[in-house]
Amino acid sequence: VLLSAEDALTANDARIPTAMTFETVLPWLLVTGGILCLGLGGSWLVDGASRIALKLGISPMVVGLTVVGFCTSMPEFSVSLMADLRGSGGLSLGNAVGSNIMNLLLVLGISAVLIPIHVVGSLRLLYRDLAFGLVPAVVLMVFARTGFISRPTALLLLAIFAVFIVTAVLKAKGHSDRPAVVTGTLPRHFALTAVGIAVLIGGSEMLVIGGVDLAHRFGVSEALVGLTVVAFGTSLPELATSVVAVLKGQSEIGVGNVLGSNVFNLGLVVGTAFAMRPAAVPINVIRWDIPILVAATFIVGLFVLRDGRINRWEGGFMLAVFAAYLVFLGIRIA
């Protein structure tokens with residue numbers, strides 16, 4: 001009997017590490033799987049939705065300003081909305097703010113280091129996009145300084161975003177576009193769009209659950225997880241789009257994608273999430289990270305507006321600033 005009891009205890013002890021190991025790895029699997037789903041779903045959604053719009057006769061420029069800009073921000077949109085609805089307002093805001101910082105410093109920095117970015121000839125559009133990227137950040141610093149994003153504040157962000165879209169579309173109508181040739185049938189494009197949306201929703205659910213679990217396990221705030229791991233995952237579409245655009249010699253598209261996406265993230269993403277469910281957010285994000293986002297916007301603006309380009313050393317400087325920001329986040333975690 002004693003031997004049987006000892007055998008039973010040994011068997012139980014042998015099972016404990018396995019269970020603990022699975023529980024430890026599970027949130028990482030959820031985060032990794034969520035990021036992969038966001039990348040695939042975002043890509044399918046961009047392809048399907050943009051082709052539907054072109055098939056329906058919408059001009060390529062308007063499609064780029066609206067459909068593609070919205071689709072590349074869908075990972076941030078789905079994750080932030082899901083997080084806020086689950087009561088994780090800090091992760092929701094942290095994801096949007098962290099993604100914008102990564103877009104400006106990491107995405108454009110990598111793009112410029114690979115090939116210097118030339119945007120001469122589009123300075124008026126850059127002025128507009130930089131301004132619309134700054135205004136929502138200032139609104140949050142002023143009206144959410146107590147650590148709470150109210151519904152009126154969220155509606156103001158949505159109003160700013162609406163003005164941006166109307167301005168962009170009216171500006172685009174003043175330019176002539178060549179007719180776009182689109183292959184494939186409408187049902188096929190609708191199916192691709194639907195699958196992309198479904199995969200995005202599933203991926204955002206996985207990423208939020210895994211991210212919140214990691215925050216609790218490591219004893220850090222959900223906002224910091226949103227600013228780092230989640231923000232990197234949701235920034236992958238912008239990174240891929242901008243790098244490919246720059247490598248193809250279409251620098252304006254690369255820069256415009258980043259700046260336009262940032263307006264979507266703070267205006268549409270944060271506005272929609274907190275209009276549906278006003279919530280408290282970590283005050284450190286308002287006091288530290290959003291001002292850092294404003295500073296990053298000014299850095300990019302100064303480089304681009306100075307001579308219409310971002311050269312390699314400027315791109316390297318942006319990457320160094322981003323590395324310093326990560327160190328700053330590490331100090332806050334410690």
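Sequential numbering from 1 along the given sequence is applied to the chain's residues. Since the structure is predicted, the reported quantities are computational estimates derived from the model, not experimental observations.
Residue pairs satisfying the salt bridge (charged side-chain N to carboxylate O under 4.0 Å, His left out) criterion with at least one member in residues 286-305, sequence neighbours excluded, are listed as follows: D289-R332. The ring-ring contact (aromatic ring centres under 6.0 Å, His included) pairs that include a residue from residues 271-290 are W288-F328, where partners are two or more places apart or lie in different chains. Evaluation of the salt bridge (charged side-chain N to carboxylate O under 4.0 Å, His left out) test over residues 131-142, restricted to residues two or more places apart or in two chains, returns none. Among residue pairs with one or both ends in residues 81-99, those qualifying as salt bridge (charged side-chain N to carboxylate O under 4.0 Å, His left out) are R86-E205; sequence neighbours excluded. Sorted by first and then second residue, the salt bridge (charged side-chain N to carboxylate O under 4.0 Å, His left out) pairs involving residues 28-42 (not counting sequence neighbours) form an empty list.
The shortest side-chain heavy-atom distance between W44 and T193 does not fall under the 4.5 Å cut-off. V225 is not listed as a side-chain neighbour of N95, based on a closest heavy-atom distance of 4.5 Å or more. You'll find the side chain of I35 reaches within 4.5 Å of the side chain of L207, heavy atoms only. Proximity of C37 to L40: side-chain heavy atoms (C-beta onward) are nowhere separated by under 4.5 Å. Using a 4.5 Å cut-off on side-chain heavy atoms (C-beta onward), F164 and R128 make contact. The shortest side-chain heavy-atom distance between L266 and V97 falls under the 4.5 Å cut-off.
Not a single ring pair (Phe, Tyr, Trp, His ring centres under 6.0 Å) links Y325 to another residue, sequence neighbours left out. Under the side chain to side chain contact (heavy atoms under 4.5 Å, CB included) criterion, L85 pairs with L81, M276, not counting sequence neighbours. Checked against side-chain hydrogen bond (donor to acceptor under 3.5 Å, both in side chains), D213 has the following partners two or more places apart in sequence or in another chain: R217. Take R151 and apply the salt bridge (Lys or Arg N to Asp or Glu O under 4.0 Å) test, not counting sequence neighbours, and it matches no residue. Taking the side-chain hydrogen bond (donor to acceptor under 3.5 Å, both in side chains) definition, one finds that W28 meets it with nothing, sequence neighbours left out.
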How far apart are the C-alpha atoms of I110 and V113, what are their side-chain angles, what is the distance that settles it, and do they pass the side chain to side chain contact (heavy atoms under 4.5 Å, CB included) test? CA-CA 5 Å; I110 291 176; V113 168; 5.8 Å; no
With side chain to side chain contact (heavy atoms under 4.5 Å, CB included) as the criterion, how do L319 and L105 come out once you've worked through the C-alpha distance, each side chain's angles and the decisive distance to 0.1 Å? CA-CA 6 Å; L319 292 177; L105 298 178; over 6 Å; no
Kindly determine whether N311 and I117 satisfy side chain to side chain contact (heavy atoms under 4.5 Å, CB included), including the steps that lead there. CA-CA 6 Å; N311 57 40; I117 298 174; over 6 Å; no
Would N265 and V270 count as a side chain to side chain contact (heavy atoms under 4.5 Å, CB included) here? Give the steps. CA-CA 6 Å; N265 289 345; V270 175; over 6 Å; no
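A continuous path of Ile, Leu, Val, Met, Phe, Trp and Tyr side chains, each step under 4.5 Å between heavy atoms, connects L155 with V281, placing both in one hydrophobic cluster. In the hydrophobic cluster analysis, where Ile, Leu, Val, Met, Phe, Trp and Tyr join through side-chain heavy atoms closer than 4.5 angstrom, I310 is grouped together with V321. In terms of hydrophobic clustering, with Ile, Leu, Val, Met, Phe, Trp and Tyr side chains grouped at heavy-atom distances under 4.5 Å, I283 and V285 are assigned to different clusters. Linking ILVMFWY side-chain heavy atoms closer than 4.5 Å, directly or via other members, places F232 and L326 in a single hydrophobic cluster. Clustering ILVMFWY residues whenever any of their side-chain heavy atoms sit less than 4.5 angstrom apart, transitively, puts L114 in the very cluster that holds F317.
The shortest non-hydrogen separation linking A112 to G315 is CB-CA, 3.8 Å. When all heavy atoms of L224 and T228 are compared, the pair lying nearest together is O-OG1, 2.7 Å. Residue G87 comes nearest to R277 through the heavy atom pair CA-NH1, 3.6 Å, listed as atom of the first residue, atom of the second, then distance. Closest heavy-atom contact between P282 and A223: CG-CB, 3.5 Å. Taking all atoms of both residues into account, the shortest heavy-atom contact from A231 to G98 is CB-C, 3.5 Å. Between N103 and S261, the closest heavy-atom pair is ND2-OG, 3.8 Å.
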Which atom pairs, one a donor and one an acceptor, fall under 3.5 Å between side chains of residues 291-306 and the rest of the protein, sequence neighbours left out?
unit_1	atom_1	unit_2	atom_2	d
T297	OG1	L293	O	2.9
R306	NH2	E314	OE2	2.3

All N/O donor-acceptor pairs, side-chain side in residues 137-150, below 3.5 Å, sequence neighbours left out:
unit_1	atom_1	unit_2	atom_2	d
R145	NH1	V142	O	2.3
S150	OG	T153	N	3.4
S150	OG	T153	OG1	3.1

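Side chain of N100 to main chain of N262: a donor-acceptor pair is present (N/O by atom type, distance under 3.5 Å, no hydrogens or angles). Put simply, the side chain of S92 never gets that close to the backbone of S88: no donor and acceptor are under 3.5 Å apart.
Atom CG of L268 is separated from atom CD1 of I165 by 8.0 Å, given to the nearest 0.5 angstrom. Once rounded to the nearest 0.5 Å, the distance linking CZ of F77 with CE of M82 reads 10.5 Å.
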